[in-house]
There are 2 protein chains.
Amino acid sequence: MRQVAALAGVGTKTVSRVINGEPNVSSAMIAKVKQAADSLDYQPDLHAGNLRRADGRTKTLGLLVGSVANPFYGTLHRAVEEAASARGIAVFASSLDDDPDREQGLVSAFLQRRVDGLILTTVTKSQAYLAPELRRGTPLVFIDREPAGIEADAVVSDNAAGSALATRHLLEHGHRRIAYLGDLDSIQTARERRRGFLEELGRAGVATRDIPVVVDLHDEVAANRAVLALLDSTDPPTALFTSQNLVTIGAITALRARALQNRVALVGFDDISLADLLTPGITVIAQNPQRIGELAAERLLARLDGDRTPTHSYVVPTELIARGSGEIGPHA
Amino acid sequence: MRQVAALAGVGTKTVSRVINGEPNVSSAMIAKVKQAADSLDYQPDLHAGNLRRADGRTKTLGLLVGSVANPFYGTLHRAVEEAASARGIAVFASSLDDDPDREQGLVSAFLQRRVDGLILTTVTKSQAYLAPELRRGTPLVFIDREPAGIEADAVVSDNAAGSALATRHLLEHGHRRIAYLGDLDSIQTARERRRGFLEELGRAGVATRDIPVVVDLHDEVAANRAVLALLDSTDPPTALFTSQNLVTIGAITALRARALQNRVALVGFDDISLADLLTPGITVIAQNPQRIGELAAERLLARLDGDRTPTHSYVVPTELIARGSGEIGPHA
DNA sequence: ATGAAAGCGCTAACAT
DNA sequence: ATGTTAGCGCTTTCAT
C-alpha cells in the first residue's frame with residue numbers, strides 16, 4: 001500500500017479511501033490511485049485491515065459438516081456459499097468424520113482465523129466448550145443435530161415426523177409387519193427416527209413387541225447382512241423402513257439377492273440419487289439440505305447484523321416421494 | 001495476548017514463545033502462561049502473527065471448483081482437505097458455475113485473504129491475469145482443465161484416452177454405428193473427449209462421415225431429446241457414447257422411454273452413483289477425483305516447500321467399468 | 001531464559 | 001478533500 005501511495009504521490013490514507021470506496025475523494029485522485037494499484041498488481045490485505053477496523057469482520061465463515069464428499073452436505077454447503085458470497089463472505093469447509101477431537105481442532109483452527117461465525121454439525125457429546133466464543137459474540141448455528149450444553153440457533157430436519165410419515169405410508173398400504181433398520185444408536189438423529197417409527201406404530205395400535213428393530217447399522221455391508229437375516233427368518237417382514245442412505249442401499253442389494261424387490265415394500269429415509277431409475281423406484285423420505293443450508297446462513301447473517309432475539313431451533317420439513325417400492329402391498 | 005501476559009506476570013514475547021512452542025522457555029513459565037491463556041479463553045490471532053512473521057504463511061488455501069454440490073468435486077475437495085489438514089492448513093472452497101466473472105472475483109477474494117496457494121478449475125479463456133500472483137510466489141495448481149496463457153502445474157483426467165477406451169470397447173463388441181453425445185464444445189475437456197472418440201474410430205478404420213455426433217448438450221433434458229431423436233431416426237445407432245454425467249442420465253431415460261435399454265449399448269464418461277443397481281448396469285469410464293485432489297494438493301504443498309522444478313501437467317488415468325450396458329451387442 | 005522496542009499492512013481519529 | 005499519527009495483535013531483532 002505504501003508503494004501504491006508513493007507511486008501515485010499521495011498519502012496512504014487516500015489509497016485506503018479509494019480501495020474501500022469511501023466518500024470525499026476527488027475523481028482525479030481515484031483515477032490516479034487506481035492506476036497505480038493496477039500497475040503494481042496491488043491486492044489489499046483484508047486481515048491487516050481487520051486488525052484495526054471497528055467491526056473487525058473478516059468476511060469469512062466456517063462450515064463444519066460430516067464430510068464434504070457427502071452429496072447431502074455438498075448441497076447444503078452450496079446453499080450456504082450462495083448466501084455468503086452475496087455478501088462477499090468466503091466459506092471455510094471441513095469434514096468431521098464423526099471424530100470429536102477433530103471437531104474441536106477444526107473449531108479452534110477456524111477461530112484462530114477469526115471467522116465471523118460458524119455453521120456446524122457436531123459429533124461431541126456437549127458443545128459447552130463453545131460457550132466462551134458465543135459470549136464473545138461469535139454467532140453459532142448448529143445444523144443437522146441440536147446443540148447440547150449450550151444455547152444457540154439450530155436448523156434440523158424433522159426426523160421423527162419424517163419417520164412417522166414413512167411408517168404411516170406403509171401402514172396405509174396394509175403392512176403390519178414392518179422392520180426397522182437404523183444407524184448407530186449413539187447418533188441423535190438416528191434415535192429420533194426410530195422414535196418416530198415406534199410412536200407411529202403405537203398410534204396405529206400395532207404391537208411393537210414383535211416388530212423387528214435392528215440398529216447400529218453404519219454401512220452398506222452391515223445393512224445388507226441384517227436385511228438378508230430378516231428375509232431368511234421364519235416370519236419375514238412384509239415391509240422395510242431404512243433410516244439412512246447407506247442402509248437403504250444395503251437393503252436394496254439384499255432384496256435383489258433374494259429376488260424380493262417387487263414383493264417386499266421399502267421406504268428409505270434420505271433421498272438417493274437415481275432412485276427413480278431403479279426398478280422398482282425407491283420411495284423415500286427426502287430431506288431438504290438446500291433449505292437447511294439457506295436457513296442456517298440466513299440466521300447466521302441475521303445474528304451478524306445484530307439480531308438479538310432468543311435462540312430458536314428451526315425444523316425443516318421432510319417429504320415423502322413415492323416411486324414404487326413403498327407402494328407394494330403385503331400380499332404381493 | 002497482552003492480557004495473558006499481564007495475568008501471568010510475564011512479557012508478551014514469553015507468551016508468544018509458549019503459544020508457538022518455541023524452545024528456551026522454562027517449564028514453570030510454560031505452565032503459568034498456559035493456565036493464564038486457558039482462563040481467559042485466549043485464541044491467538046493467526047493473521048496478526050502472519051503480518052510480521054518471516055514466511056507470512058496463513059496456512060490457508062483456496063479451492064475453486066465447478067460446484068461444491070457436485071459429487072465429483074466433493075470427492076476431490078475431500079482429498080485436498082485431507083492432505084491440507086495434515087499440515088494444519090484450512091481450505092476455502094467456492095463454486096464457479098461456469099461464470100468467468102465469478103472466477104476472477106473469487107480468486108481476488110482469496111488473494112485478499114492471503115491464501116498460501118490456489119487449486120482451481122477454470123472457466124475463463126485465459127488465466128494470464130494470474131501471472132502477477134504466480135510471479136509473487138503464490139503456487140497455482142490447475143485441475144480438470146489445463147491453464148491457458150500461463151505456465152503452471154495441472155492435474156487432469158486422461159479425457160482423450162478414456163474416450164478412446166470407451167470407443168474401443170464398443171467396437172470390440174461389434175458396434176460400427178456409435179453415436180457420440182457431447183457437452184458444450186466451448187469446454188476444453190468436452191473437446192478432448194470428442195477427439196478421443198473420433199480418433200479411435202479412425203484407428204479402427206470406421207468412416208466417421210456417417211457417425212452421429214451431437215454436441216452442446218449441457219443438461220439432462222437436452223440429452224434426452226437428442227437421444228430420442230437419434231433412436232427415432234431411420235438409421236438409429238446401435239450404441240451410444242455419452243461424454244458426461246447428465247448426458248448419460250438423459251440417455252438412460254430416453255432408452256427406457258423407447259424400451260431399448262437392453263438393445264442399444266451405452267457407455268458413459270464419468271461414473272454415476274448406483275450405476276450398478278440399474279438394469280442394465282451402466283458401463284462407464286470412471287474418473288478418479290480423489291486421485292486428482294490428492295495429486296493437486298501434493299504438488300501445491302511441494303511448491304510451498306520450495307520445489308522449483310519445471311511445471312508439469314499430471315494426467316490421471318481413467319478406468320472402464322463394465323456393468324452391462326456397454327456389453328450389449330449390435331444385433332441384440 | 002526472558003523482555004523491550006520496532007514494525008508488519010492497514011484503518012481510526014484527528015488534523016489541515 | 002487530503003495527510004499525519006497512533007495503534008490493532010502479533011513476531012522480529014536485539015538486549016539483558
Side-chain angles (χ1 to χ4, degrees), chain A residues 1-34 36-37 40-60 88 108-109 111-116 133 136-138, chain B residues 1-34 36-37 40-60 88 108-109 111-116 133 136-138:
Chain A
M1 172 155 150
R2 278 219 308 271
Q3 296 179 39
V4 175
L7 182 62
V10 301
T12 72
K13 180 63 221 190
T14 301
V15 176
S16 169
R17 285 199 177 94
V18 173
I19 297 296
N20 296 304
E22 286 172 34
N24 296 332
V25 192
S26 72
S27 49
M29 207 87 258
I30 294 182
K32 209 160 44 167
V33 171
K34 283 204 166 154
L40 291 172
D41 292 309
Y42 170 69
Q43 285 277 8
D45 184 324
L46 192 59
H47 296 298
N50 281 112
L51 224 43
R52 192 68 169 81
R53 205 191 307 276
D55 62 8
R57 294 282 167 79
T58 55
K59 297 231 168 214
T60 297
S108 183
L111 292 179
Q112 294 193 6
R113 286 170 178 79
R114 294 295 185 266
V115 294
D116 295 335
E133 201 54 36
R136 204 170 301 177
T138 309
Chain B
M1 172 154 151
R2 278 218 310 271
Q3 296 178 38
V4 175
L7 182 62
V10 301
T12 70
K13 179 61 224 189
T14 302
V15 176
S16 169
R17 286 198 179 95
V18 173
I19 297 296
N20 295 306
E22 286 173 34
N24 297 333
V25 192
S26 72
S27 48
M29 207 88 259
I30 295 183
K32 209 161 42 165
V33 171
K34 282 206 165 151
L40 291 173
D41 293 309
Y42 170 70
Q43 286 277 7
D45 185 323
L46 192 61
H47 295 300
N50 279 110
L51 222 44
R52 192 68 168 84
R53 204 193 308 277
D55 62 8
R57 294 282 167 80
T58 55
K59 296 229 167 217
T60 297
S108 183
L111 292 179
Q112 295 193 5
R113 286 169 178 81
R114 293 297 184 262
V115 293
D116 294 336
E133 201 54 36
R136 204 170 301 176
T138 308

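Just so we're on the same page: letters track the sequence lines, and every chain starts at 1.
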Peer 1: Looking at every heavy atom in both A/M1 and A/S16, which two are closest together, and how far apart are they?
Peer 2: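 What the structure gives for the nearest pair is CE-CB, 3.8 Å.
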Peer 1: Protein-nucleotides 3-6 of chain C N/O pairs closer than 3.5 Å?
Peer 2:
unit_1 : atom_1 : unit_2 : atom_2 : d
C/dG3  : OP1    : B/G11  : N      : 3.4
C/dG3  : OP2    : B/G11  : N      : 2.9
C/dG3  : OP2    : B/T14  : OG1    : 2.4
C/dG3  : N7     : B/R17  : NH1    : 3.4
C/dG3  : O6     : B/R17  : NH2    : 2.9

Peer 1: How about A/K34: does its NZ atom have over 12 heavy atoms from other parts shown lying under 6.0 Å from it?
Peer 2: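 Not more than 12 within 6.0 Å, no.
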Peer 1: Return the 5'-most residue of the pair B/I19, A/V25 with respect to DNA chain D, ranking by each residue's nearest nucleotide.
Peer 2: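 Its nearest nucleotide lies further toward 5', so the answer is A/V25.
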Peer 1: In this structure, how many angstroms lie between the P atom of C/dA12 and the CG atom of A/N24, rounded?
Peer 2: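 One finds 14 Å between P of C/dA12 and CG of A/N24, rounded.
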Peer 1: Given atom CG of B/N20 and atom C1' of D/dT12, what is their separation to the nearest angstrom?
Peer 2: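 The answer, rounded to whole Å, is 12 Å.
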Peer 1: To the nearest Å, how far apart are A/Y42 OH and C/dC10 P?
Peer 2: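 It works out to 3 Å between those atoms.
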Peer 1: Can you confirm whether the side chains of A/D116 and A/T58 place a donor and an acceptor under 3.5 Å from each other?
Peer 2: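 Yes.
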Peer 1: The side chain of A/R2 is closest to which nucleotide in this list: D/dC8, C/dC8, D/dC10?
Peer 2: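 So the side chain of A/R2 is nearest to C/dC8.
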Peer 1: If we count only N and O atoms by modelled type, under 3.5 Å, do the side chains of A/T60 and A/R113 hold a donor and an acceptor together?
Peer 2: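 No, A/R113 and A/T60 have no side-chain donor paired with an acceptor closer than 3.5 Å.
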Peer 1: In whole Å, what is the span from the CG atom of A/D45 to the P atom of C/dG7?
Peer 2: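 Going from A/D45 (CG) to C/dG7 (P), I get 19 Å.
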Peer 1: Calculate the interatomic distance between A/R53 atom CZ and C/dA13 atom P; express it in whole Å.
Peer 2: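 Those two atoms, CZ and P, are 13 Å apart.
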Peer 1: Specify the separation, in whole Å, of atom NE2 of A/H47 and atom P of D/dT11.
Peer 2: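 Value for this atom pair: 16 Å.
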Peer 1: Are B/D45 and A/R114 close enough for a salt bridge, meaning some N to O gap below 4.0 Å?
Peer 2: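 So B/D45 pairs with A/R114 through a salt bridge.
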Peer 1: Would a 4.5 Å heavy-atom cut-off, applied to side chains only, mark B/E133 and A/D41 as touching?
Peer 2: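 Heavy-atom side-chain distance check fails, nothing below 4.5 Å.
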Peer 1: Is A/N50 close to B/H47 at the side-chain level, that is, under 4.5 Å between some pair of heavy atoms?
Peer 2: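 Heavy-atom side-chain distance check fails, nothing below 4.5 Å.
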Peer 1: In whole angstrom, give the distance that lies between atom CG of A/L51 and atom P of D/dA6.
Peer 2: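 Those two atoms, CG and P, are 18 Å apart.
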Peer 1: Below 4.0 angstrom from OP1 or OP2 of D/dC10, is there any side-chain N or O of B/S16?
Peer 2: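 No.
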Peer 1: If you look at every strand shown and take non-hydrogen atoms under 4.0 Å, does A/N50 touch a base, only sugar-phosphate, or nothing?
Peer 2: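 No contact at all - A/N50 keeps every heavy atom at 4.0 Å or more from the nucleic acid.
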Peer 1: How many whole angstroms separate atom CE of B/M1 from atom C1' of D/dT12?
Peer 2: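 Roughly 11 Å, once rounded to whole Å.
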